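Computed from a prediction, not measured in an experiment: that's the story for all the values here. If you read the sequence from its start, that first residue is 1, and numbering goes on from there.
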Amino acid sequence: MQYRELGETGLRVSALSFGASSLGSVFRTTDDEQSIRAARLALELGVNFIDVSPFYGQTKAESVLGRALRGVPRDSYSLATKVGRYGMDTFDFSAGRVTASVEESLQRLGVDHVDLIQCHDIEFADLDQIVEETLPALARVKQAGKARFVGITGLPLKVFTTVLDRVPAGQVDTILSYCHYSLNDTTLADLLPYLREKGVGVINASPTGMRLLTDGELPDWHPAPEDVQRCCRAAVEHCLARGVDPAKLALQYSVAHPGITTTLVSTANPENMRKNVQWIDEPMDEQLVEEVQQILAPVRDTSWPSGRPENN
């Protein structure tokens with residue numbers, strides 16, 4: 001397992017990290033005991049960064065993860081959770097709510113602090129509120145010792161520069177971006193020099209584009225345009241014809257970029273977790289990457305809107 005520095009936090013985290021959303025049964029009905037085994041196996045295999053949110057499974061993911069972490073030395077992993085998003089259409093970034101939310105998460109997780117507290121999907125918020133109210137509230141949470149660092153997350157890359165250009169240096173330690181560094185969309189890479197200059201650590205999520213680059217069936221709610229879904233399916237079929245799991249290639253590709261500190265994968269299946277860790281230690285098929293990117297060329301860097309129109 002490779003380990004990399006997360007911005008200027010001093011945290012040295014695994015290049016592959018554990019996204020605990022699956023523990024909340026957000027993709028399928030899951031068995032809690034199996035979920036706990038998956039989380040513990042990730043730690044045993046060298047993964048030392050875990051990301052979760054009260055939004056995942058309406059607090060279920062945090063509760064199940066809390067059970068998985070019982071008895072695990074607190075200094076053996078870095079733990080991140082989020083505030084502000086609590087349902088598909090339920091958001092509250094007010095100072096009072098996010099402060100209370102941190103306390104609630106700590107109780108569910110069974111810890112006295114998190115390493116990283118993040119504003120969840122800020123494109124759904126008034127960014128003035130994020131800058132003027134939410135982040136100052138989280139700075140007070142940090143001062144109180146309930147969190148060590150503060151981050152922001154979202155889909156449109158625009159939200160990161162909009163916020164980071166308005167806050168004091170050091171108020172935001174990390175960003176979490178999803179679906180923007182994968183085989184079909186590498187636009188996050190364009191932002192990396194800016195983030196380095198700001199001293200902000202980079203967390204990448206959804207290396208398969210929320211299942212676009214897997215052999216699984218896409219959920220009905222998937223927001224990708226039809227042409228993106230069609231090209232990604234062609235890329236998947238090409239990988240399968242070559243005898244390669246498309247998820248493997250997608251994960252290897254994302255983890256390979258040295259400027260991205262860590263890439264999140266989420267699974268409630270212990271064997272899938274073991275497979276993910278094995279994959280990133282194997283050499284990537286560069287020729288297959290080139291072939292897949294040719295298939296994806298017509299839709300390269302095509303995304304979709306999320307949140308408020310002004311934040312896209």
Sub-3.5 Å donor-acceptor pair from the side chain of [X] to the main-chain atoms of [Y], do we have one?
| X | Y | result |
| --- | --- | --- |
| Thr267 | Asn269 | yes |
| Arg4 | Ile260 | yes |
| Thr162 | Val159 | no |
| Gln229 | Ala224 | yes |
| Ser17 | Thr263 | yes |
| His180 | Asn204 | no |

Find out if a path of hydrophobic residues (ILVMFWY) with successive side-chain heavy-atom gaps under 4.5 Å connects [X] to [Y].
| X | Y | answer |
| --- | --- | --- |
| Val141 | Ile130 | yes |
| Val114 | Val52 | yes |
| Ile203 | Leu251 | no |
| Leu41 | Val64 | yes |

Quick one: are [X] and [Y] in side-chain contact, heavy atoms under 4.5 Å?
| X | Y | value |
| --- | --- | --- |
| Thr161 | Tyr194 | yes |
| Leu6 | Phe149 | no |
| Leu155 | Cys179 | yes |
| Leu127 | Val163 | yes |
| Val150 | Leu116 | no |
| Asp173 | Val200 | no |
| Ile152 | Leu135 | yes |
| Tyr56 | Leu23 | no |

Sequence-distant partners of Gln58, side chain to side chain contact (heavy atoms under 4.5 Å, CB included), two or more places apart = none
So Thr134 and Gln129, side-chain hydrogen bond (donor to acceptor under 3.5 Å, both in side chains) or not? Walk me through it.
-> CA-CA 6 Å; Thr134 316; Gln129 182 185 33; 4.9 Å; no
Do [Y] and [X] meet the salt-bridge criterion of a basic N to acidic O distance under 4.0 Å?
| X | Y | value |
| --- | --- | --- |
| Glu33 | Arg67 | yes |
| Glu132 | Arg166 | yes |
| Lys146 | Asp112 | no |

With side chain to side chain contact (heavy atoms under 4.5 Å, CB included) as the test, would you mind laying out the steps for His257 and Leu192 before giving the verdict?
-> CA-CA 11 Å; His257 196 301; Leu192 294 180; 3.3 Å; yes
Gln287 atom CD, neighbour heavy-atom count above 12 within 6.0 Å |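 Yes.
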Of all residues at least two apart in sequence or in a different chain, which pass the ring-ring contact (aromatic ring centres under 6.0 Å, His included) check with [X]?
| X | answer |
| --- | --- |
| Phe91 | Phe124 |
| Phe55 | His120 |
| Tyr253 | Tyr181 |

Give the intermediate values and the outcome of side chain to side chain contact (heavy atoms under 4.5 Å, CB included) for residues Thr153 and Ile175.
-> CA-CA 6 Å; Thr153 87; Ile175 63 105; over 6 Å; no
Minimum heavy-atom separation for [X] to [Y], with atom names?
| X | Y | result |
| --- | --- | --- |
| Met273 | Ala38 | CG-O, 3.9 Å |
| His113 | Gly145 | CB-O, 3.4 Å |
| Pro54 | Arg108 | CB-NH2, 3.6 Å |

Which value, rounded to the nearest 0.5 Å, describes the distance between Thr208 atom OG1 and Leu249 atom CG?
->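 So the OG1 of Thr208 and the CG of Leu249 are separated by 12.0 Å.
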In Å and rounded to the nearest 0.5 Å, what is the CG to OG distance from Asp32 to Ser63?
-> 9.5 Å
Qualifying salt bridge (charged side-chain N to carboxylate O under 4.0 Å, His left out) pairs with a residue from [range], counting only residues at least two apart or across chains:
| range | result |
| --- | --- |
| residues 68-81 | Arg74-Asp115 |
| residues 180-209 | Asp165-Lys198 |
| residues 247-275 | Lys248-Glu282, Glu271-Arg274 |

Aromatic Phe93 / basic Arg85 pairing, under 6.0 angstrom, 45° off normal | no
Mind checking salt bridge (Lys or Arg N to Asp or Glu O under 4.0 Å) for Glu8 and listing every partner two or more places apart, or none if nothing turns up?
->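 Per chain and number, Glu8 pairs via salt bridge (Lys or Arg N to Asp or Glu O under 4.0 Å) with no residue.
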List the steps and the verdict of side-chain hydrogen bond (donor to acceptor under 3.5 Å, both in side chains) for Thr30 and Ser25.
-> CA-CA 5 Å; Thr30 53; Ser25 300; 2.6 Å; yes
Under 3.5 Å, side-chain donor or acceptor atoms of residues 43-51 against the rest of the protein: list the pairs with distances, not counting sequence neighbours.
| unit_1 | atom_1 | unit_2 | atom_2 | d |
| --- | --- | --- | --- | --- |
| Asn48 | OD1 | Ser14 | N | 2.7 |
| Asn48 | OD1 | Ser14 | OG | 3.2 |
| Asn48 | ND2 | Arg12 | O | 3.0 |
| Asp51 | OD1 | Lys82 | NZ | 3.1 |
| Asp51 | OD1 | Gln118 | NE2 | 2.9 |
| Asp51 | OD2 | Lys82 | NZ | 2.6 |

Ile295: which other cluster members, linking ILVMFWY side chains closer than 4.5 Å, directly or transitively?
-> none
Verify side-chain hydrogen bond (donor to acceptor under 3.5 Å, both in side chains) between Ser101 and Tyr86, making sure each step is shown before the conclusion.
-> CA-CA 10 Å; Ser101 183; Tyr86 305 102; 3.0 Å; yes
From the list Glu104, Glu133, Glu103, salt bridge (charged side-chain N to carboxylate O under 4.0 Å, His left out) partner of Arg97 resolves to Glu104
Taking only residues at least two apart or on different chains, which pairs with a member in residues 303-312 satisfy side chain to side chain donor-acceptor pair (under 3.5 Å)?
-> Glu123-Ser306
Short side-chain donor-acceptor distance under 3.5 Å, Glu62 and Thr81 =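 Short answer, yes.
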Assess whether side-chain hydrogen bond (donor to acceptor under 3.5 Å, both in side chains) is satisfied between Ser21 and Ser266, documenting all intermediate values.
-> CA-CA 6 Å; Ser21 58; Ser266 184; 3.0 Å; yes
For residues 232-242, tabulate all N or O donor-acceptor pairs below 3.5 Å that involve a side-chain atom, not counting sequence neighbours.
| unit_1 | atom_1 | unit_2 | atom_2 | d |
| --- | --- | --- | --- | --- |
| Arg233 | NE | Glu237 | OE2 | 3.4 |
| Arg233 | NH2 | Asp215 | OD1 | 3.1 |
| His238 | NE2 | Glu291 | OE1 | 2.8 |
| Arg242 | NH1 | Glu291 | OE1 | 2.4 |
| Arg242 | NH1 | Glu291 | OE2 | 3.1 |
| Arg242 | NH2 | Asp285 | OD2 | 3.4 |

